[in-house]
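Notes to accompany the following structure.
The structure displayed is predicted, hence computed values, not measured ones. Residue numbers start from 1 in every chain, and the chains themselves are labelled A, B, ... in the order their sequence lines are given, proteins ahead of strands.
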2 protein chains.
Amino acid sequence: MKRSPTMKDVAHAAGVSVMTVSRAFKQDASVGEKTRQMIREKADELGYVFDATAANLRSQRSDFVAVTIPSLNNANFAATVVALTGKLSQEGYQVLLGHTNYDMMREEELIGQFLRRRPEAIIVTGGRHTERARQMLKNAGVPVIETWDIPPNPIGHVVGFSNADTMQLLVDHLVGLGRKRIAFMGGDSESDTRGQDRRDGFLTAMAGHGLRADRLVGSGAPQKPMQKGATAMGDLLARFSDTDAVICVSDLVGFGALSECQRRGIAVPDQIAMAGFGAYDIAEVCVPRLTTIDPKPTEIGETAAGLVLQLLSNSNAVSDKIIAPALIPAQSTSA
Amino acid sequence: MKRSPTMKDVAHAAGVSVMTVSRAFKQDASVGEKTRQMIREKADELGYVFDATAANLRSQRSDFVAVTIPSLNNANFAATVVALTGKLSQEGYQVLLGHTNYDMMREEELIGQFLRRRPEAIIVTGGRHTERARQMLKNAGVPVIETWDIPPNPIGHVVGFSNADTMQLLVDHLVGLGRKRIAFMGGDSESDTRGQDRRDGFLTAMAGHGLRADRLVGSGAPQKPMQKGATAMGDLLARFSDTDAVICVSDLVGFGALSECQRRGIAVPDQIAMAGFGAYDIAEVCVPRLTTIDPKPTEIGETAAGLVLQLLSNSNAVSDKIIAPALIPAQSTSA
DNA sequence: CCCTTTGATGTTAGCGTTTACATCCTTGCC
DNA sequence: GGCAAGGATGTAAACGCTAACATCAAAGGG
């Protein structure tokens, strides 16, 4: 397996200088159109592949944007990444994607690795990080964007929404339908910080209505949420059998709970109303359809990408962006 | 924002040569332990971050492994990537992940971009690619692994299973339960090549049992499979009302179909048996639980990673790996 | 006690590209 | 027709690191 050809080889074959080859591969460079065509042809003949590493080193631009999400297999984070990737790749950036598995230590490690690649911006999910991770991000010398959250103490820029405040929508909705003995399922896992925030928001919203909010059941770590939801529903019924509504930390947990109700012959919404969070596909398909909150993941991604592009072109004053999640009422709460 | 410190700065601060600093940041280099400690400390003080780009250029090793999958938001591809990432990152490799959105043109583009980063190996999903993509992979000069499939004409190595052959398991299962008027849902979208293979396998397996296999309904492109499954179930009932079993191209389509049955009061499995593919969480949680096929996504990822590591250390003769998917029977097919 | 061995450190050059500047040849205008 | 302006191309150096080799001191053996 022989060494792959470089610009030098192409230049030699084309009878021009290396610099002209370099220009032939750039968008806006001043090269004669005929020369460019000719060089491109020669390059193809030789099987030349541009070496981004060398270009990055010399130009001190990596064209990388680092992105960390808790989990790949999550429709919402995935949608954010798809939006981010779409918009950033159009502008010539390449997304360096990593998943933390909801583990702040793993996030720290990942950020450390990413930084060695000299990304031009870093987009992380959530506003809670290890102290070392915070320091690394602060000292990175590139734009940092925290998403999916409104951190109390942001590192750089923020594109997100308040998970806590959003719970008000669901509680209001259920109270408006006459439900009072409302339970919350999930938000007990330390690794799911957004889940914790939602639980906190539930408590606040309930207090605002003068309702007791002691019907709390855990669903554990965010892995296998459907299975956890089914189990948690059993716990809930055992502990608070007169519950008339359940707000779940996510639609996936909600679907698990819904299925458990179906198995036990509990009527939803007649006996118990059920709501989720996240506007996952399943909420739209299951029987009955699940009331949920749309956190607008695509909007988060597009907005974050737009912010990055602004920050990288003209670093003018650009403000953070607050996303407004929307309630999607469905059969599972309306009797 | 000042220029970030380099090894030179660290070397100066520590009173040693640049080379010693370089060695202090490598695992196995011969540096005095005291010197290494001292250098590391100085580096931390200065906020030095190792520049992988420069190191890659000089050493002609990128530590990148490129991976393309059709979709981020898919539990199975995600599981493969998680397994890959876990195993490869332990050995110091960084996964460069890209999603094609089930689009071969997008895959070609992505491969082109990845190649510019000089990855040390490339892992792609599936065995169908554009001609240009095939050429790029062949000429890349690094190991290429195709996964999730058994391509008739492999580019390099293969870690996968036959989507077609696997359908035999499901057809045998249903026929064994006395079902004969079996329909197949999905596999009509050109972009879902594995779905097409499964449909082909269904036809073959049915023919093997001497059964007619003309009950085919499309579910369209792989996006929003649950919704598509619900719609497709309506089509199926309209066109072949006496169907007694449905094999769906995936559990997600299957769940959509199941939900539609529930809406219409059709008993599953009593009236119609239902089976999916993929062993998604939902198959285990829905009511009734869905009979499915476990394609062992984690095993695919681990095996592919192991193969890459072998190929990159000693490029001895290493053989391809065939994965054996397993039938998981459940309530949705057993009356 | 000298010479070899070994481990720790230094020196030089170069990985493949682009920045910065210089050069040359057109083209257009008075 | 001469001269400025601009477009096309070339030259030299540098980006930050490591391979390869050289050097030096300390340790060990006869």
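Partner of A:Tyr93 under the side-chain contact (heavy atoms from CB on, under 4.5 Å) criterion, out of A:Thr85, A:Leu84, A:Leu312: A:Leu312 alone. For the side-chain contact (heavy atoms from CB on, under 4.5 Å) with A:Ile323, the lone residue among A:Thr147, A:Ile150, A:Thr303 that qualifies is A:Thr303.
Atoms CZ (A:Arg36) and C1' (D:dA8) sit 12 Å apart, rounded to a whole Å. One can place CD1 of B:Ile39 at 13 Å from P of C:dA8, the figure rounded to the nearest angstrom. Atom P of nucleotide C:dT18 and atom CD of A:Gln27 are separated by 13 Å, given to the nearest angstrom. One interatomic measurement links the two molecules: CZ of B:Arg117 to P of C:dT17, which rounds to 14 Å at whole-angstrom precision.
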Distances under 3.5 Å only, N/O to N/O: pair up the protein atoms with those of nucleotides 15-19 of chain D.
unit_1, atom_1, unit_2, atom_2, d
D:dC15, O3', A:Gln60, NE2, 3.4
D:dC15, O2, A:Arg58, N, 3.1
D:dG16, OP1, A:Gln60, NE2, 3.1
D:dG16, N2, B:Ala54, O, 3.2
D:dC17, OP1, B:Tyr48, OH, 2.4
D:dC17, OP2, B:Met7, N, 2.6
D:dT18, OP2, B:Ser22, OG, 2.2
D:dT18, O2, B:Arg58, NH1, 3.2
D:dA19, O4', B:Arg58, NH2, 3.2

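Between B:Arg117 and B:Asp63 no salt bridge is recorded (no basic side-chain N to carboxylate O distance below 4.0 Å).
A cation-pi arrangement is absent between A:Arg40 and A:Tyr48 under the rule of less than 6.0 angstrom and at most 45 degrees off the ring axis.
Distances shown here put every side-chain N or O of A:Thr35 at or beyond 4.0 Å from the OP1 or OP2 atom of D:dA8.
Residues B:Val65 and B:Leu96 fail the side-chain proximity criterion, which asks for heavy atoms closer than 4.5 Å.
What you find for A:Val158 and A:Asp149 is that their closest heavy atoms are CG1-O, 3.4 Å.
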